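The figures that follow rest on heavy atoms only: side chains count, while hydrogens, waters and symmetry mates do not. This one's a predicted model, so the numbers in the text were calculated from it and none came from an experiment. Along the sequence shown, residues are numbered consecutively beginning with 1.
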Amino acid sequence: MGATETLGRSVLEALAERGHNVVEAWRKGPDVAVDIIAPGAIQAMYERVGTVDALASCAGDVPWLPFGELGRPDLLQGIGGGSGA
């Protein structure tokens, strides 16, 4: 998931090829370790990294549904956050 799998790696490479300074933030690093479902972890990540121009998130496994049919429970389940109820 994230920058280590197919979609994330492709996004990372495309941004780097276009000259963007890319910081990889995922559960096990390598640049910044962040567990996106842990309370306060995202805030701590931004405090460590500083100002950014953009964020591209490729976290989790989300069901293959038309975008309009995806709900909050689907998205939270995809990143390991439970049912979202």
Side-chain angles (χ1 to χ4, degrees):
M1 291 189 283
T4 62
E5 295 295 329
T6 306
L7 178 61
R9 181 63 41 199
S10 295
V11 169
L12 188 145
E13 289 172 359
L15 291 171
E17 286 173 7
R18 290 179 174 93
H20 297 281
N21 180 19
V22 178
V23 176
E24 291 183 54
W26 44 287
R27 214 173 282 148
K28 297 179 182 176
D31 297 337
V32 178
V34 60
D35 182 350
I36 63 173
I37 62 170
I42 295 173
Q43 176 75 29
M45 176 196 68
Y46 280 113
E47 289 171 1
R48 180 170 178 204
V49 172
T51 302
V52 298
D53 293 327
L55 170 76
S57 176
C58 300
D61 296 316
V62 179
W64 286 97
L65 296 170
F67 186 75
E69 293 178 21
L70 286 171
R72 180 175 171 78
D74 297 316
L75 299 174
L76 288 176
Q77 187 64 39
I79 61 171
S83 68

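- Distance CH2/Trp26 to CD1/Ile36: 13.5 Å, rounded to 0.5 Å.
- Closest of all the heavy-atom pairs between Asp74 and Leu65 is OD2-CD1, 4.1 Å.
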Run the side-chain donor-acceptor check on residues 40-60: report pairs under 3.5 Å with partners two or more places apart or on a different chain.
residue, atom, partner, partner atom, Å
Gln43, NE2, Glu47, OE2, 3.0

